[in-house]
Chemist: 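Dropping a structure here in C-alpha cells format, bear with me for questions.
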Amino acid sequence: DVKVTQSSRYLVKRTGEKVFLECVQDMDHENMFWYRQDPGLGLRLIYFSYDVKMKEKGDIPEGYSVSREKKERFSLILESASTNQTSMYLCASQSPDGLNYEQYFGPGTRLTVT
Amino acid sequence: DQQVKQNSPSLSVQEGRISILNCDYTNSMFDYFLWYKKYPAEGPTFLISISSIKDKNEDGRFTVFLNKSAKHLSLHIVPSQPGDSAVYFCAASVIFSSGSARQLTFGSGTQLTVLP
C-alpha cells in the first residue's frame, strides 16, 4: 500500500510567520504535488515536483514555495503566512507509469492563520 | 475559469437506490478521467477511472459513463449504501505543457448522503 504522510494534521500560525508543511511518501514515486482544498473550489494545484530539485508552478503558486531535496520528501513553504492561506493542504504522490494516472493523497493539514 | 465542474454541491439518496453524480468539463485535451472519494479528516482516495477512448467502465457497484461529445461524465453507484456517504470529486487528466508529468484538474465536489 502506498503511504503518504503529512507532518501535522492541524496547525495554527500567526500572520507573517514562515510555515513549513512536510510530506513524505514511501513508494519511490517521482511525482509529488501540493494542493489546497477550499469549500466550493475543490482541490487546486499549488506546485508539483517531477524529480529531486525539480519543480513547476501549478494554478495558484503565489505566496508559496516548495523544496524537494530527497525523492521521498516534498515541502511546502509559506514565506509569510496570511489569513487567506487558511485552508486544508493536501499532498499527493504519483508514479509516472501508474496505470490510472492516479495520485495518492496524504490525510491533509488543516492550517489556520490568525 | 473552472475547467471541471460539479454543479450539484450535495445529493441525498435512500439506501439501496441509485446515486448519480455528474461532472462536466470544458477542455477537450483531457484524455483520462477519475473519481475520488473523500471522508472527513482523510485525504481523497481513488475510486474508478475511464479513458477517453471508452464510454463506460464498471467496478462492482460503481460505473462511470463518459459522453465525449457532451463533455460530460457521471458516476453511478448501485445499490447505494450508508458507507458511501462522502464527498466525491471528479478529476480530469492531461499532460502538463512541459511534458513533465500528468496533471489532475479537480471539480468542486459533491457531498453524497445515503440515508438508511
Side-chain angles (χ1 to χ4, degrees), chain A residues 1-6 8-10 21 23-25 29-60 68 74 88-110, chain B residues 1-10 21 23-25 27 29-52 54 57 59 62 64 86-111:
Chain A
D1 268 359
V2 176
K3 191 156 186 187
V4 180
T5 56
Q6 295 183 228
S8 306
R9 295 300 298 270
Y10 300 94
L21 302 182
C23 175
V24 177
Q25 51 98 0
H29 285 167
E30 285 83 354
N31 301 335
M32 295 187 75
F33 305 80
W34 275 106
Y35 294 88
R36 61 178 283 176
Q37 182 196 351
D38 299 290
L41 296 176
L43 280 70
R44 293 180 292 165
L45 181 65
I46 304 171
Y47 264 98
F48 81 98
S49 169
Y50 53 92
D51 204 347
V52 174
K53 296 191 186 298
M54 306 304 288
K55 62 187 180 186
E56 285 197 30
K57 293 179 180 179
D59 299 319
I60 51 165
R68 190 152 179 218
F74 191 34
M88 170 69 83
Y89 289 87
L90 291 159
C91 173
S93 74
Q94 178 195 53
S95 168
D97 305 317
L99 186 63
N100 295 307
Y101 308 122
E102 64 181 287
Q103 295 178 12
Y104 298 86
F105 285 85
T109 296
R110 171 73 64 184
Chain B
D1 182 31
Q2 284 190 294
Q3 297 187 65
V4 178
K5 292 183 182 178
Q6 294 177 256
N7 291 317
S8 299
S10 63
L21 295 95
C23 178
D24 296 294
Y25 63 96
N27 187 348
M29 298 299 292
F30 291 139
D31 59 357
Y32 211 86
F33 302 89
L34 300 85
W35 284 93
Y36 277 81
K37 177 178 177 179
K38 185 181 186 300
Y39 292 117
E42 294 182 16
T45 54
F46 170 74
L47 190 57
I48 192 169
S49 63
I50 187 167
S51 164
S52 60
K54 296 186 175 182
N57 188 27
D59 184 2
F62 302 91
V64 56
V87 177
Y88 288 79
F89 291 100
C90 165
S93 178
V94 69
I95 294 178
F96 278 106
S97 55
S98 62
S100 54
R102 272 196 163 263
Q103 179 174 4
L104 289 183
T105 300
F106 286 84
S108 54
T110 297
Q111 171 70 57

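Lettering of chains follows the sequences in order, A, B, ..., and the numbering in each one begins at 1. Note that the structure is a prediction, hence the values are computed from the model and not measured.
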Chemist: CD of A/Gln6 to SG of A/Cys91: how many Å apart, nearest 0.5 Å?
Modeler: 5.5 Å
Chemist: Tell me, for B/Tyr39 versus chain A, whether the close heavy atoms (under 4.5 Å) come from the side chain, the backbone, both or neither.
Modeler: neither
Chemist: Measure distances from A/Arg110 to the heavy atoms of chain B and classify the residue's part below 4.5 Å as side chain, backbone, both or neither.
Modeler: neither
Chemist: Side chain, backbone, both or neither: which part of B/Pro9 has a non-hydrogen atom closer than 4.5 Å to chain A?
Modeler: neither
Chemist: Minimum heavy-atom separation for A/Leu43 and B/Pro44, please, with both atom names.
Modeler: CD2-CG, 4.2 Å
Chemist: Which atoms of A/Asp59 come close to chain B, meaning under 4.5 Å heavy atom to heavy atom: side chain ones, backbone ones, both, or neither?
Modeler: side chain
Chemist: If you round to the nearest 0.5 Å, how far is CD of B/Gln111 from OG of B/Ser8?
Modeler: 12.5 Å
Chemist: How long is the straight-line distance from CD of A/Gln103 back to OH of A/Tyr35, given to the nearest 0.5 Å?
Modeler: 3.5 Å
Chemist: Relative to chain B, which segment of A/Gln94 carries a heavy atom at a distance below 4.5 Å: side chain, backbone, both, or neither?
Modeler: side chain
Chemist: Name the region of A/Gln37, side chain, backbone, both or neither, that has any atom closer than 4.5 Å to a heavy atom of chain B.
Modeler: side chain
Chemist: Under 4.5 Å from any heavy atom of chain B, what part of A/Leu41 do you find: side chain, backbone, both or neither?
Modeler: backbone
Chemist: Between the side chains of A/Lys53 and A/Asp51, is the shortest nitrogen-to-carboxylate-oxygen separation below 4.0 Å, so that they form an ion pair?
Modeler: no
Chemist: Looking only at non-hydrogen atoms, find the nearest pair between B/Cys90 and B/Gln6 and report the distance.
Modeler: N-OE1, 3.0 Å
Chemist: Taking B/Leu104, B/Thr105, B/Thr45 one by one, which has the highest count of heavy-atom pairs under 4.5 Å against chain A?
Modeler: B/Leu104
